[in-house]
Amino acid sequence: MLKEKRARSRYGTYKHKRLCHKRSEIRLIRLKAAKAIRDVVHCDVFLVPLEHAPRFEAISYAWGNTSDLRPIGINGDKHMLVSKSLESALRYLRYQGKERLLWADAICINQKDIPEKNKAVSKMHSVYQRAERAIVWLGSSSHPWSFQPILDALEDEESNEDLFTWRCQILTKPHRRARAIQGFAKLQWFFRGWVVQETCFAREVIGQYGKHAIPWRQIEHMVDRLSITASGTMSGIMRPEGRLILRLMRVVSTLRNLREHHHKMQPMDLAHMMAFSRTRMTSDPRDKVFAFVNLLSKIPSSLQPDYNRSTPGLFREVCRLLLDEIGLKLLAECEAPTNTGPGISHCRMLSWVPDWSYTRQCEPFPGGLSLTHLGESYRAGSYGPASFVYSADSAILHLTGSIFATVVFLEPGGQNQLSDGVLQHTLWENVTTRCQEAAAGTLLSSFTSSGCPAFTNHILRMEHLDRTFEGEKTDDLESFHRARWPQNLRRVDGRSILLTSKGHLGWAPPAAVVGDFIAVFPGCHVPLVLRRVHVERFVDVNLVVEHDACGCTQAICGAEESAFYRIIGEAYVQGIMEGEALASTDELSKDNKLEEIAIV
């Protein structure tokens, strides 16, 4: 470290030479050879037209902590500060006796030059297409866990070890291989946004851990061996390590599917692109769009990379395009953050514009934009065509729908913290007017290892469990465990059991409170939880909202409505998920008249 500080003090700061975009120039790194890992990293950076570039490799890595920077030598007498992750990658990727040509975004793109960054990001996929291979940097031996058991697992394909036993040990026993794979599953690279484009467009992908180069198909095969299909491994999913590995399996599987679809010329549509990007990590929320647009068959001109745009303005443009493409299904993606939740400041974001800057706290219900949901879509708003009106210069979305009921009780996590006995009496008194199978279908998935309310235990002891949360038939609890336990557990994790003013049970989004409304809209597959906000209060709290590419602002005022509503999130309400609340012939719909509802 002292050696590096002295080297840095001798060098001036590297300044990027301007690219000639007419010649489609890019920068490449000529990484100097080194005899020892501890030697200071030196390289040359030079310009070359992309189509005439010599053979090079592109690095795919997680930026990591951008405040922890390390110096590298550039062009002999200059230095540049790069992230610890990139410096470590360059250090280990050096050859001992020859130079190596590489491309890395933090060095090859001038991150401070917004016009250059806009153009470079728009053609980054071309760089990975041109590269000989993409090198996925997974880290080095400085990690607290050893990578050797991973290598052993990769070489263990022909082992006679029982595969079922191997999976169970990974999930439940703290031995070397389990700790290594759990550490592997925590690597930031697997959850980073940009890696999707980088791996999809690359000709070849290899993993690099320290000096170990691993064909990516071997890593995929190892993850495949962790596939959880037997009921005996369900207990492992309940552990934090098990959920982490389950998430790793989903990520690797999705990356492989996207890569295969891209190579088969099967591009992604905008709706699925945004559903997927929401689950990925990006340091800049605008990259939830810009890092994925090249996966589309046709990129809308309004979504071309432009880092001068405000994040709310960009998300609102995506919302406008999706409303035209898929209609009111989009509103199920809206989830108000809790007081301590992540995301853009709630005061700056319209509630009908999904905040894609953070991963949803709850799995979407069937029928939404999720790439992984199982079962048929719900049809709460299946009766009648969707009716909505919005304009580019207004912050209000006008919908036609019905306020079905109010939320009168929430448990757990709601405002009413009643004892189990009171909970059992209150809810069961309302449920007895409906079939027990319906109640079981609603509450079965709330049975978790963290503890159950007494009422939920009572439901589980009922003789007839005729319907699961997915709407599929099941004979007993054990068959439910085998079939749907992991998916349903994720779907209800973070939600609260709700009771409506009409006696219906269901699931509420995390930010719901007693007094919120349950609304149903033609064209939206699930009910939505709304919160009423009067004009005076709303203008005081949200005086202005950024709404366009230039970051212009507009006061939310001048409307004739005496009150607005904000979307809190999607809900499951037993008994109205198939359109009963809107069906003109249904007993439930007699008092539910369609009206115009203004959402802000």
Side-chain (Ser351) to main-chain (Val600) donor-acceptor, under 3.5 angstrom: yes
ring-ring contact (aromatic ring centres under 6.0 Å, His included) involving Phe292 - partner list, sequence neighbours excluded: none
Minimum-distance pair of heavy atoms, taken over all atoms of Ala202 and Arg259: O-NH1, 3.0 Å
Check: Phe290 and Asp284 side chains under 4.5 Å, non-hydrogen atoms: no
Sub-4.5 Å side-chain heavy-atom contact between Phe388 and His398: no
Mutual orientation of the aromatic rings belonging to Tyr572 and Phe365 [parallel < 30°, tilted 30-60°, perpendicular > 60°]: tilted
Residues which pass side chain to side chain donor-acceptor pair (under 3.5 Å) with Glu116, listed by chain and number, not counting sequence neighbours: Arg27
Side chain to side chain contact (heavy atoms under 4.5 Å, CB included) between Val573 and Val520, worked out: CA-CA 11 Å; Val573 180; Val520 182; over 6 Å; no
Smallest separation among heavy atoms of Gly313 and Ser310, with atom names: N-OG, 3.1 Å
Pairing residues for Phe521 by the ring-ring contact (aromatic ring centres under 6.0 Å, His included) criterion, not counting sequence neighbours: none
Side chain to side chain contact (heavy atoms under 4.5 Å, CB included) assessment of Val529 paired with Ile518: CA-CA 5 Å; Val529 174; Ile518 303 292; 3.8 Å; yes
Check ion pair Glu570-Arg495 (N to O, under 4.0 angstrom): yes
Val251 and Thr279, any side-chain heavy atoms less than 4.5 Å apart: no
Flag side-chain contact, heavy atom, 4.5 Å: Pro527 against Phe404: no
Atom NZ of Lys119 with >12 non-hydrogen neighbours under 6.0 angstrom: no
Side chains of Leu350 and Ile396 in contact at under 4.5 Å (non-hydrogen atoms): no
Student check: side-chain heavy atoms of Met274 and Val289 closer than 4.5 Å: yes
Ser60 (side chain) donor-acceptor with Ala134 (main chain) under 3.5 angstrom: no
Pairwise distance CG(Leu255) to OG(Ser253) - rounded to 0.5 angstrom: 9.0 Å
Under the salt bridge (charged side-chain N to carboxylate O under 4.0 Å, His left out) test, residues paired with Asp269 that sit two or more places apart: none
Full working for side chain to side chain contact (heavy atoms under 4.5 Å, CB included) between Phe276 and Val196: CA-CA 10 Å; Phe276 182 64; Val196 179; 3.3 Å; yes
Any donor-acceptor pair under 3.5 Å from Thr359 side chain to Arg278 backbone: yes
Qualifying salt bridge (Lys or Arg N to Asp or Glu O under 4.0 Å) pairs with a residue from residues 503-517, counting only residues at least two apart or across chains: Asp516-Arg531
Val195 backbone acceptor or donor facing Thr199 side chain under 3.5 Å: yes
Main-chain N/O of Arg309 paired with Arg286 side-chain donor or acceptor, under 3.5 Å: yes
Cation-pi geometry met for Arg532 and Phe564 (6.0 Å, 45°): no
Side-chain touch Val407/Thr500, heavy atoms, less than 4.5 angstrom: no
Check: Val353 main-chain N/O paired with Arg316 side-chain donor or acceptor under 3.5 Å: no
Atom NZ of Lys117 with >12 non-hydrogen neighbours under 6.0 angstrom: yes
Residues in side chain to side chain donor-acceptor pair (under 3.5 Å) contact with Arg256, at least two apart in sequence or another chain: Asp224
Step-by-step side chain to side chain contact (heavy atoms under 4.5 Å, CB included) determination, Glu333 to Leu322: CA-CA 11 Å; Glu333 283 294 295; Leu322 286 177; over 6 Å; no
Main-chain N/O of Tyr307 paired to Asn118 side chain as donor or acceptor, under 3.5 Å: yes
Distance (rounded to the nearest 0.5 Å) between Ile299 CD1 and Asn294 CG: 4.5 Å
No-hydrogen, no-angle side-chain donor-acceptor test under 3.5 Å, Ser277 and Trp356: no
Heavy-atom donor-acceptor pair, Arg280 side chain to Arg192 backbone, under 3.5 Å: yes
Gln188 side chain reached by Met281 side chain, heavy atoms, under 4.5 Å: yes
